[in-house]
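Structure record follows, encoded as structure tokens.
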Amino acid sequence: GIAGLFVGARSESRTWKSDSRGATRFDGGRTLQLVRSTLFTAMASAMKRELIDRNPVALVDAPKHEKRDVHVLTAEEIQKLLVVAKPTPSYTLILLAVTLGMRQGELFALRWSDVNLTKGMLRVRATLTQNIDGELVATAPKTKASLRTLPLSKVAIEALSDCATSRRSKQVDSWVFEAPGGGPIRKSNFIRRVFHPLLDKAELPRITFHSLRHACASLLLNRGQNIKVIQNIFGHASSRLTLDVYAHSQATALQAAALEMESFLSETPSCAEGFLEGTRPLLSDDSTKAQTSNPLENAGPREIGRSRNRTY
């Protein structure tokens with residue numbers, strides 16, 4: 001039954017994800033969660049139509065999903081990758097990924113009609129996907145927030161200008177990034193033939209292409225960029241998603257936070273060294289000279305009571 005489906009899937013080591021040959025394989029806890037959610041909705045609809053008496057999916061516990069550890073490139077590692085990619089045709093694609101955090105499908109779906117080098121702007125209005133027949137098609141992004149216009153840095157404008165000069169097709173609606181034989185780039189081919197060799201040459205771990213998006217978000221956050229700005233750059237519907245998914249704590253960020261706290265504490269005087277602005281010192285110069293005497297010796301009952309109740 002349905003329970004057996006989920007139990008069997010949990011024990012299956014392979015994944016249900018389409019590979020380059022079109023085969024499907026199981027992809028882990030998150031995929032199981034989506035499968036269960038879809039089945040639950042379908043069965044709930046069947047119950048409303050009185051096609052079934054109860055929802056069998058409700059008897060199955062929701063599969064757990066443990067987030068995988070993502071290796072986020074540091075600023076130094078990104079520089080190494082860009083240096084290695086610079087002489088290759090894929091330099092501009094890698095540059096946009098690490099500076100704008102664009103998704104792989106968004107980059108592959110980019111057309112020259114989306115790029116305005118004069119104004120230094122780039123529009124994200126599609127993502128490249130593979131249909132059931134294995135054909136590459138440009139489709140609308142997954143959310144409305146993904147439709148966005150991004151500003152280009154000077155380095156990105158120069159790189160895109162070089163691409164515009166050397167491109168095969170001069171048609172305004174042609175692909176910005178094309179496969180060697182023309183047409184859009186197939187993701188699996190790019191990862192295997194281009195991205196992994198670049199990582200190997202730069203002596204970096206074989207991260208996923210999406211990890212470049214993680215790296216971009218972390219670098220922006222570590223440099224104090226406003227979270228709402230990062231949300232708009234990444235096309236997220238909420239800033240909470242940006243923080244939950246991409247705010248990876250790096251060693252450099254943790255060290256900087258520790259230094260900030262140390263600096264704050266060193267600048268804050270203790271009661272023995274001084275007093276906060278706008279308040280009187282606990283001990284005046286005259287009273288300091290007579291620290292050995294009892295400060296309450298000459299005080300009346302009201303003063304003594306007030307001193308007992310006062311907290312510092």
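Note: hydrogens, waters and symmetry copies are ignored here, and every other heavy atom, side chains too, is used.
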Asp162: what forms a salt bridge (Lys or Arg N to Asp or Glu O under 4.0 Å) with it, not counting sequence neighbours?
-> none

The reported gap from OG in Ser153 to CG in Leu95 (rounded to nearest 0.5 angstrom) is 6.0 Å

Does the side chain of Gln104 pick up a donor-acceptor pair with the side chain of Arg213 at under 3.5 Å?
-> no

About how many Å separate CG of Leu122 and OG1 of Thr149, when rounded to the nearest 0.5 Å?
-> 8.5 Å

Apply side chain to side chain contact (heavy atoms under 4.5 Å, CB included) to Leu110 and Trp175, showing your working.
-> CA-CA 6 Å; Leu110 204 59; Trp175 306 102; over 6 Å; no

Look up atom CG in Asp200 and atom CG in Leu204, then write down how far apart they are to the nearest 0.5 Å.
-> 9.0 Å

In a check of side-chain contact (heavy atoms from CB on, under 4.5 Å) between Ile78 and each of Val98, Val72, Ile94, which one passes?
-> Val98

Using a 4.5 Å cut-off on heavy atoms from C-beta on, say whether the side chain of Phe209 contacts that of Val194.
-> no

Could you grab the distance from atom CG of Leu198 to atom NZ of Lys80, nearest 0.5 Å is fine?
-> 13.0 Å

Does the side chain of Leu136 come within less than 4.5 Å of Thr129's, by heavy atoms?
-> no

Considering only heavy atoms from C-beta outward, does the side chain of Leu73 approach that of His71 to under 4.5 Å?
-> yes

Would you say Leu147 and Leu152 are hydrophobically clustered, going by side-chain heavy atoms of ILVMFWY under 4.5 Å?
-> no

Show the numbers, then the answer: is there a side chain to side chain contact (heavy atoms under 4.5 Å, CB included) between Val124 and Met102?
-> CA-CA 9 Å; Val124 179; Met102 292 179 64; 3.8 Å; yes

Distance-minimising heavy-atom pair for Ala126 and Ala138 | CB-CB, 4.3 Å

Over all atoms of both residues, closest heavy-atom pair of Ala179 and Pro184 | CB-O, 3.6 Å

Is Glu106 salt-bridged to Arg123, going by a charged N under 4.0 Å from an acidic O?
-> no

Any side-chain heavy atom of Arg103 sitting closer than 4.5 Å to one from Ser146?
-> yes

Which residues satisfy the salt bridge (Lys or Arg N to Asp or Glu O under 4.0 Å) test with Glu178, sequence neighbours excluded?
-> Arg168

Considering non-hydrogen atoms only, spot the tightest contact between Leu220 and Ile233 and give its length.
-> CD1-CD1, 4.5 Å

Minimum-distance pair of heavy atoms, taken over all atoms of Ile157 and Ser161 | O-OG, 2.7 Å

Taking side-chain hydrogen bond (donor to acceptor under 3.5 Å, both in side chains) as the test, write out the residues that go with Arg125, two or more places apart.
-> Ser113, Asp114

Are the side chain of Asn116 and the backbone of Thr118 linked by a donor-acceptor contact shorter than 3.5 Å?
-> yes

Test salt bridge (Lys or Arg N to Asp or Glu O under 4.0 Å) applied to Arg167 - qualifying residues, sequence neighbours left out = none

With the side chain counted from C-beta on, respond yes when Leu100 and Phe234 share a heavy-atom pair under 4.5 Å apart, and no when they do not.
-> no

Rounded distance (nearest 0.5 Å) linking atom CD of Gln231 with atom CZ of Arg148 = 11.5 Å

With a 4.5 Å heavy-atom cut-off, do Leu96 and Tyr91 have their side chains touching?
-> no

Checking Ser211 side chain against His214 main chain: does a donor-acceptor pair fall under 3.5 Å?
-> no

What are the two closest heavy atoms between Arg223 and Ala75, and how far apart are they?
-> NH2-CB, 3.9 Å

Which pairs count as ring pair (Phe, Tyr, Trp, His ring centres under 6.0 Å) when at least one residue sits in residues 101-149, sequence neighbours excluded?
-> Phe108-Phe190

Shortest non-hydrogen separation from Ile230 to Ala217 and the atoms involved = CD1-O, 4.3 Å

Hey, can you pull the donor-acceptor pairs under 3.5 Å for the side chains in residues 39-55, sequence neighbours left out?
unit_1	atom_1	unit_2	atom_2	d
Thr41	OG1	Ser37	O	3.0
Asn55	OD1	Val57	N	3.0
Asn55	ND2	Phe40	O	3.2

So how far is it from Leu93 CG to Ile185 CD1, rounded to the nearest 0.5 Å?
-> 6.0 Å

Between Val155 and Phe177, is there a shared hydrophobic cluster once you connect ILVMFWY residues whose side-chain heavy atoms come closer than 4.5 Å?
-> yes

Should we count CD of Glu158 as having more than 12 external heavy atoms under 6.0 Å?
-> yes

When you measure from the side chain of Ser174 to the backbone N and O of Gln171, does any donor-acceptor pair fall under 3.5 Å?
-> yes

Pair Glu77-Leu81, side chain to side chain contact (heavy atoms under 4.5 Å, CB included): steps then yes or no | CA-CA 6 Å; Glu77 289 175 326; Leu81 178 60; over 6 Å; no

